[in-house]
Amino acid sequence: MSARGVRLNRALVLESRSTVSDGAGGTQATWSALGTLWAAIDARSGAERRESGQTLSSTRLRITVRAAPVGSAQRPRPDQRFREGARLFQIRAVAEADADGRYLTCYCDEEVAA
């Protein structure tokens with residue numbers, strides 16, 4: 001992948017999940033913003049299925065962002081997600097996108113109730 005081939009034109013918020021007490025002896029998942037990353041989004045495939053009487057549409061995406069060092073809060077991980085307004089992209093895997101290590105490819109899923 002060449003630098004000219006990547007167009008980072010979408011501002012995505014990288015979010016991390018944490019668990020907090022719900023005050024009744026249980027826990028509740030919350031998401032907190034780690035920062036905004038500029039990204040390129042490429043849809044790969046899509047499918048529709050019925051679950052609990054509801055139609056769900058899911059899309060697999062390849063999201064490219066600038067690379068960050070391992071351990072950096074700006075480096076996406078598979079237990080995190082991206083947010084763009086009301087849209088949520090669950091990160092499933094992260095890999096180096098180019099031989100020079102300038103970009104990362106995040107393989108993500110977006111699921112929407114239809």
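We count residues from 1, following the sequence as given. Every heavy atom of this structure was used, including side-chain atoms; hydrogens, water molecules and symmetry mates were not. Remember, predicted model here, so these are calculated numbers, not experimental data.
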Any salt bridge (Lys or Arg N to Asp or Glu O under 4.0 Å) involving residues 27-38? Give me the pairs, sequence neighbours left out, ordered by first then second residue.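 Qualifying pairs: none.
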
Sort and list the pairs that fulfil salt bridge (Lys or Arg N to Asp or Glu O under 4.0 Å) and have at least one residue in residues 22-33, not counting sequence neighbours.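 Qualifying pairs, neighbours excluded: none.
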
Specify the closest pair of heavy atoms between [X] and [Y], including all atoms of both residues, with the distance to one decimal.
X	Y	answer
Ala93	Pro78	CA-CG, 4.2 Å
Thr59	Ala43	CG2-CB, 4.3 Å
Leu104	Ala67	CG-CA, 3.8 Å

Please round to the nearest 0.5 Å and tell me the distance separating atom [atom1] of [X] and atom [atom2] of [Y].
X	Y	atom1	atom2	answer
Asp98	Tyr103	CG	OH	7.5 Å
Cys106	Phe82	SG	CZ	4.0 Å
Gln90	Arg60	CD	CZ	12.5 Å

Above 12 or not: heavy atoms from other molecules or residues under 6.0 Å from CZ of Arg83?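 Count over threshold, so yes.
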
Test of understanding: with side chain to side chain contact (heavy atoms under 4.5 Å, CB included), list the residues that count as partners of Ala68, not counting sequence neighbours.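 Ala68 satisfies side chain to side chain contact (heavy atoms under 4.5 Å, CB included) with Ser72, Gln74, Arg75 only.
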
Residue list, side chain to side chain contact (heavy atoms under 4.5 Å, CB included) with Arg77, at least two apart or on another chain: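 Here the qualifying residues are Ser16, Asp79, Gln80.
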
Test of understanding: clusters of I, L, V, M, F, W, Y form through side-chain heavy atoms closer than 4.5 Å, transitively. Do Val94 and Leu61 belong to the same one?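 Yes, because Val94 and Leu61 connect within a single hydrophobic cluster, where side-chain heavy atoms sit under 4.5 Å apart.
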
Evaluate the side-chain proximity of Ile63 to Ile91: yes if any heavy-atom separation is below 4.5 Å, no if none is.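 Contact flag for Ile91/Ile63 side chains = no.
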
Can you check whether Phe89 reaches Asp109 side chain to side chain, under 4.5 Å on heavy atoms?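 Result no, sub-4.5 Å side-chain heavy-atom pair not found.
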
Test of understanding: with salt bridge (charged side-chain N to carboxylate O under 4.0 Å, His left out), list the residues that count as partners of Glu110, not counting sequence neighbours.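 Per chain and number, Glu110 pairs via salt bridge (charged side-chain N to carboxylate O under 4.0 Å, His left out) with Arg87.
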
Arg66: what forms a salt bridge (charged side-chain N to carboxylate O under 4.0 Å, His left out) with it, not counting sequence neighbours?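 Partners of Arg66 by the salt bridge (charged side-chain N to carboxylate O under 4.0 Å, His left out) criterion come out as none, since no residue qualifies.
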
Taking distance alone, no hydrogens or angles, what donor-acceptor pairs closer than 3.5 Å link side-chain atoms of residues 27-42 to residues at least two apart or in another chain?
unit_1	atom_1	unit_2	atom_2	d
Thr30	OG1	Ser18	OG	3.2
Asp42	OD2	Arg44	NH1	2.6
Asp42	OD2	Arg62	NH2	2.8

Arg17: what forms a side-chain hydrogen bond (donor to acceptor under 3.5 Å, both in side chains) with it, not counting sequence neighbours?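 Checked Arg17 against side-chain hydrogen bond (donor to acceptor under 3.5 Å, both in side chains); zero matches.
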
